[in-house]
Each structure stands twice: as C-alpha cells, then as structure tokens.
Amino acid sequence: MIRISLPGRRGLARLAVAATLGAATLSATPASAQGQNSGQALRVVLINDLTAIDPVLSQAAFVRNHGFFVYDQLFAFDSEGKAKPQMVDSYTASPDGMRYSFTLRDGLAFHDGQPVRAADAVASIKRWGQRDIVGRALTAATASMDVVDDKTFTITLSRPFALVVEALARPTGSALFVMPERVAKTPANVAITDPTGSGPFTFSTSDWRAGDRAIYRRNPAYRPRNEPADGLAGGKVVQVETVEWLAMPDPATAAAALQNGEIDFIEQPSPDVVSTLERNRQVRTMAYNPVGFQVWLRLNHTQPPFNDPRARQALLHIINQQDVLDGMGVRPSEQIANCPAFFFCGTPLESRAGATGLGKPDLDRARALLKEAGYNGGKVVFLNATDSPLNNASTLVMADAMQRAGLNMDVPSMDWGTLTQRRNRREAPEAGGWNLFVTVANVLDGQNPLTNQYLASTGDAAPAGWPKDEELEALRRAWWEESDPAKRQTILDQVQARAFQVLPYIPAAQFRTLAAYRSNVEGLRPTTVPVFWGVTKKQ
C-alpha cells in the first residue's frame with residue numbers, strides 16, 4: 001500500500017494575476033545588431049534534460065525549449081498574448097477572413113547560410129499540421145497553401161477559422177518552428193536528425209551528450225527584429241556567447257551549484273530549497289511564469305477502469321487539490337487554491353462551469369461510482385517521473401488518496417523521458433501499458449479550447465490517453481470558428497462544462513513556481529517559456 005507523509009494543511013492564498021495567455025507586461029529593451037555580447041557562457045538547468053530534438057515528433061516541453069534556441073517562428077506571442085509578426089514582415093487577410101497572404105522579412109537565413117524561403121515556411125507548416133492539435137485544426141480548415149514566390153505564401157480556407165495568425169504563433173505542444181524545406185519534408189512520424197534552423201542560437205549534435213549537457217552557440221548571422229523584445233516576440237538579441245543546458249535532476253545538487261556559482265539559472269527549483277536560495281545574497285528569484293502551472297492528471301480512456309466515465313468521475317471525489325499543493329511543498333504565496341478551470345485561473349478565459357469535486361474528498365461517493373463502473377480490484381498503473389520533483393510529489397499524493405479509496409495502485413518509477421515513451425503504449429497495463437500519469441503544464445499549454453492539446457477528444461488522433469467525445473469536439477470547433485467574442489465566451493463555458501463530464505484529464509492543482517538565478521545575470525523576463533535572448537552575465 002502506498003503511503004506518504006503530507007505536510008500540515010496551510011492557509012489558502014489566491015494568486016492575483018492580470019495576464020493574458022501567460023505573460024505579464026515586460027520592460028522594453030531596444031533590439032540591436034546581433035553580436036553585442038559579453039563572450040560569456042550562461043549555464044542553465046531547465047526542468048528536464050534534452051533527450052530529443054524534433055519539435056514536431058515530440059510534444060515534450062524540453063524539445064519545445066530546444067526549439068526556441070535554434071528555430072524562429074512566423075509569428076510570436078507578445079506579453080499581452082497578442083500574435084505579432086516575427087519572421088513575417090507583413091500580411092493581409094481578405095474581408096471575409098478566408099484568404100491570407102504572408103511576406104517574409106528580408107535577411108532571414110538558416111544556419112547553413114541558405115536563405116529562408118516561403119517554400120520552407122509552407123513545408124514546415126504542413127509537417128507541423130500533421131501532428132499538433134492546433135496544426136491539425138488549421139489544416140482541416142485549409143483549402144490550399146501556396147508558394148507565390150521566394151518570400152510570399154498564401155493560405156486559403158475552406159471553412160471559417162478565426163485564429164489563423166494565432167495558430168501560426170503556436171509556442172508549445174508541437175510548437176510551429178520554421179525548418180529548411182529539405183528537413184521539413186521528413187515524414188512527420190520520423191524523427192529529424194538535422195538541427196538546422198534560422199534562430200538566434202546554433203546547435204551541434206556532436207556536442208550534445210544526453211544526460212549531461214547540450215550547448216547552444218550565438219548565431220552571428222541572425223538578424224533580430226528592430227522592436228524591443230516583448231514576451232516571445234520582438235528582437236531576439238543574444239548577449240552571451242554560449243548557453244550550456246546542464247542535466248542536474250537532483251534539486252539539492254542544482255541548488256548547491258547555483259549558490260556556489262557553478263551554474264547561473266534554475267528554471268524550477270524544488271519548492272523546499274527556495275527559502276534557502278532566497279537567503280543567499282548572490283541569488284535572486286523571479287516568477288518566470290506569472291500565471292503559473294497546472295498539474296494535469298491524464299487518464300487512459302481505452303483501458304479499464306477509466307474507460308468507464310463513472311470511474312473517471314470517481315477521481316473527482318478522491319483528489320483534493322489542497323493536498324496536492326501541500327504535498328508538492330508549494331508555499332501558500334504561490335498556491336492558487338480551488339482552481340477547477342481547464343483554461344487556468346487568473347486568465348480572461350477562466351471558467352468554473354460544470355465544476356465539481358477536487359475539494360474535500362467523498363470516498364463513499366467515489367467507491368460507489370467505482371462499483372457502478374465494475375471495478376473489481378484490478379491493478380491501476382500510475383506512471384511516476386521521479387526525476388521531476390513536482391511530478392513525483394503530486395503523483396505520490398494522488399496515488400495515496402486513490403489507494404485509500406480502494407484502488408489497487410502500482411506506481412512504477414522512471415525518468416520523464418522514459419515516461420513520454422511508455423505513455424504511447426496502448427497495451428493493457430499488465431502488459432506494459434498504463435492507466436494514469438501526471439504532466440505539469442503552463443498556461444501556453446492550456447490557454448484555450450484550440451491550443452489545449454490534452455482537451456482534444458478525437459480518439460486515436462488524440463494525444464496519449466485517447467479520449468473520444470464528439471460533443472466536446474463539436475464545441476471546441478465551434479469556439480475557434482466563432483469570430484464574435486461574446487458568443488465565444490458562451491461556447492467556452494459549454495466546453496468547460498462538457499470537459500468536466502468527459503474528463504480527458506483532471507486539473508489537479510494550479511500553482512506558481514519561482515525561477516532562481518545568480519545576481520550577476522540580468523535581462524531575464526517572465527516569458528513562461530525559458531528563452532535567453534537579451535540576457536547578460538556580468539563578470
């Protein structure tokens with residue numbers, strides 16, 4: 001039987017954030033020519049190690065992080081959540097919103113010196129559109145995508161799609177990055193091995209040692225936009241010579257390395273070491289992601305017991321969000337208490353329609369629902385990524401609660417890379433499959449009915465877990481096709497309510513974490529995704 005010791009219940013605190021789509025208003029720093037740098041190496045520890053480099057084939061956050069180093073985007077979200085031109089210089093839309101024309105800006109070049117062409121953009125969109133939830137939606141609404149000349153391409157729609165530009169700014173899931181056409185023609189189910197991009201850093205696979213480090217070098221040929229950096233948009237001016245992404249899965253080791261000056265930045269230090277870091281005069285902390293993160297409990301809809309909706313509903317009466325937050329060691333000041341919103345609390349799209357449970361457990365109700373679902377004591381396999389402290393802690397807290405409710409829990413330990421592979425297995429749990437796993441998502445992952453990939457309920461075409469519900473899919477599609485904001489809000493509430501009936505996943509807690517960095521590092525901004533352009537490191 002699984003047992004863990006939970007900290008005492010602490011006072012509730014509500015995080016007040018005025019942000020849209022995951023970032024706060026940022027100070028502006030003028031973009032300058034690439035090459036004004038300190039010649040320094042910035043050593044960083046991100047949430048996970050880099051174990052793959054194809055941002056289309058993998059939806060893991062560490063691959064997305066890699067993508068922002070080496071690739072550029074056609075559009076990018078600024079600090080107010082607005083999609084702004086990035087590689088695109090100008091674009092037009094027809095009055096009926098059914099045809100778009102895009103022109104790339106001058107001076108774009110890949111790391112191998114070849115110019116970026118419209119054909120590269122189109123090939124990249126098409127490959128991305130085969131796998132990403134946003135890309136699939138855009139592809140399904142597209143009649144044609146055509147190259148006009150080396151700098152211009154068009155998208156003609158076959159049906160309404162109100163978020164074309166926002167889709168092309170996709171920053172997470174399988175983020176939309178532009179690759180050379182020769183690379184983008186790789187089948188979408190085959191991993192690319194060529195990391196050539198046109199972004200502000202270059203990457204050599206020969207220097208990459210999985211489980212140790214990945215090294216990114218300043219791209220001297222990169223031409224940033226003239227605007228100040230703002231969110232993920234604007235001028236990407238690199239001020240350091242290299243960024244070394246180091247693997248340090250043990251949070252205590254990473255915290256000690258930061259205090260000793262061996263590393264410069266930790267994206268997500270374990271909550272139990274933050275107080276110690278804050279007492280060090282050479283260390284600073286900041287909310288890199290102002291809206292915060294959610295713990296998503298993903299359920300396998302194809303295997304018993306959670307192929308039955310009553311068993312999924314039972315979990316709402318087992319899980320206590322406050323216990324999850326306390327078990328992870330999240331400080332009261334960083335907790336967002338009682339948040340059942342699929343599109344995050346503290347955002348304009350926060351909705352509580354249809355929400356039930358996730359507070360004080362009702363184990364009798366949960367056991368009754370499990371009995372109705374025909375649960376007979378079979379093993380429930382809850383995958384646990386022990387190299388991610390927050391994933392590990394939240395998994396153990398929920399597994400303990402499920403065990404007390406009468407579920408026969410098996411919680412195998414593995415690293416996150418292994419988990420991302422095993423979650424794709426469709427075998428029965430006893431044959432190497434699974435029932436549950438936890439992922440920690442930021443607001444860019446779950447910001448609305450279009451971009452929230454784990455909300456997709458398209459069966460075999462959905463991400464691992466494979467939920468299927470035609471009503472939820474019809475509501476999601478109605479939301480992104482509707483151009484009237486008031487009508488879209490009504491539809492959004494309907495999406496939220498239906499999601500609580502279907503439960504593609506369960507929003508098990510929302511919280512904020514603090515990044516930590518050395519005091520001689522300047523220019524870090526709350527961009528939600530860790531990016532290091534505009535960052536300087538003093539001697």
Side-chain angles (χ1 to χ4, degrees), residues 31 33-35 37 50 52-58 63-76 85-91 102-130 132 135 145-153 168-171 174-188 190-208 214-226 232-238 240-243 245 531-533:
Q34 194 82 336
N37 68 90
L50 181 68
I53 62 169
D54 188 341
V56 171
L57 187 63
S58 174
V63 184
R64 172 209 63 200
N65 295 345
H66 162 81
F68 273 100
F69 281 106
V70 301
Y71 300 109
D72 214 345
Q73 295 192 286
L74 295 168
F75 290 82
Q86 190 65 29
M87 299 176 76
V88 167
D89 180 60
S90 62
Y91 70 101
F102 305 92
T103 300
L104 300 177
R105 62 190 178 96
D106 294 331
L108 300 178
F110 289 111
H111 300 154
D112 59 6
Q114 294 299 307
V116 177
R117 303 163 301 135
D120 302 306
V122 168
S124 297
I125 296 170
K126 288 182 176 180
R127 185 172 190 261
W128 162 78
Q130 295 179 55
D132 183 70
M145 193 178 309
D146 301 297
V147 175
V148 177
D149 54 40
D150 278 353
K151 292 182 60 179
T152 307
F153 67 97
L168 298 181
R170 174 71 160 157
S174 294
L176 176 54
F177 299 115
V178 174
M179 304 174 179
E181 182 183 21
R182 59 179 174 78
V183 177
K185 284 187 173 180
T186 304
V190 176
I192 65 170
T193 57
D194 184 343
T196 301
S198 66
F201 292 91
T202 64
F203 179 78
S204 171
T205 54
S206 63
D207 294 328
W208 171 35
I215 299 176
Y216 300 86
R217 293 179 171 83
R218 180 182 62 85
N219 175 13
Y222 182 75
R223 296 179 64 176
R225 295 186 67 90
N226 291 326
L232 296 173
K236 301 179 180 181
V237 180
V238 175
V240 293
E241 192 63 31
T242 62
V243 175
W245 175 354
V531 295
F532 299 99
W533 52 79

Heavy-atom pair with the smallest gap, counting every atom of Asn219 and Gly199:
ND2-O, 2.9 Å

For residues Pro187 and Gln130, determine if any side-chain heavy atom of one lies less than 4.5 Å from a side-chain heavy atom of the other.
no

Can you sort out the partners of Tyr71 under side chain to side chain donor-acceptor pair (under 3.5 Å), two or more places apart, ordered by chain and number?
none

Are Val70 and Thr196 close enough that some pair of their side-chain heavy atoms sits under 4.5 Å apart?
no

Test side chain to side chain contact (heavy atoms under 4.5 Å, CB included) applied to Leu168 and Ile125, step by step:
CA-CA 8 Å; Leu168 298 181; Ile125 296 170; 4.0 Å; yes

Residues that Ser204 engages under side-chain contact (heavy atoms from CB on, under 4.5 Å), provided they are two or more places apart
Ser206, Asp207

What closest approach, in Å, do Ala188 and Leu57 show between heavy atoms, and which atom pair accounts for it?
O-CD1, 3.4 Å

Checking Asp106 now: which residues fulfil salt bridge (charged side-chain N to carboxylate O under 4.0 Å, His left out) with it, not counting sequence neighbours?
Lys151

Under the rule for ring-ring contact (aromatic ring centres under 6.0 Å, His included), what residues qualify as partners of Tyr216, not counting sequence neighbours?
His66, Phe69, Phe203

Any side-chain to backbone donor/acceptor pair from Trp208 onto Leu50? Under 3.5 Å, distance only.
yes

Test item: Ser174 side-chain N/O and Trp128 main-chain N/O as donor-acceptor pair under 3.5 Å
no

Check Leu176 against Gln73 and note the closest heavy-atom contact, atom names and distance.
O-NE2, 3.2 Å

Listed partners of Val147 passing side-chain contact (heavy atoms from CB on, under 4.5 Å), at least two apart
Ala118, Ala119, Val122

What pairs with Asp112 under salt bridge (charged side-chain N to carboxylate O under 4.0 Å, His left out), at least two apart in sequence or on another chain?
Arg182

Asp89 side chain vs Thr103 backbone, donor-acceptor pair below 3.5 Å
no

What one should report as the nearest heavy-atom pair of Val63 and Ala52 is CG2-O, 3.6 Å

Residues passing the side chain to side chain donor-acceptor pair (under 3.5 Å) test with Arg117, sequence neighbours excluded, are Asp120, Glu181

Qualifying residues under side-chain contact (heavy atoms from CB on, under 4.5 Å), relative to Gln86, sequence neighbours excluded
Asp72, Ala76, Tyr222, Arg225, Ala233, Lys236

Under the rule for side chain to side chain donor-acceptor pair (under 3.5 Å), what residues qualify as partners of Arg105, not counting sequence neighbours?
none

Can you label the angle between the Phe75 ring and the Phe102 ring as parallel, tilted or perpendicular, going by 30° and 60°?
perpendicular

Interatomic distance, Thr193 atom OG1 to Ile53 atom CD1 [nearest 0.5 angstrom]
7.0 Å

For Asp54, check side chain to side chain donor-acceptor pair (under 3.5 Å) against everything at least two apart and list the hits.
Arg127

State yes or no: are the ring centers of Phe177 and Phe68 separated by less than 6.0 Å?
yes

On a heavy-atom basis, the closest approach of Val116 and Ser198 is CG2-CB, 3.9 Å

Does His111 use its side chain to pair, donor to acceptor, with the backbone of Phe201 at less than 3.5 Å?
yes

Salt bridge (charged side-chain N to carboxylate O under 4.0 Å, His left out) against Asp146, all qualifying residues, sequence neighbours excluded
none

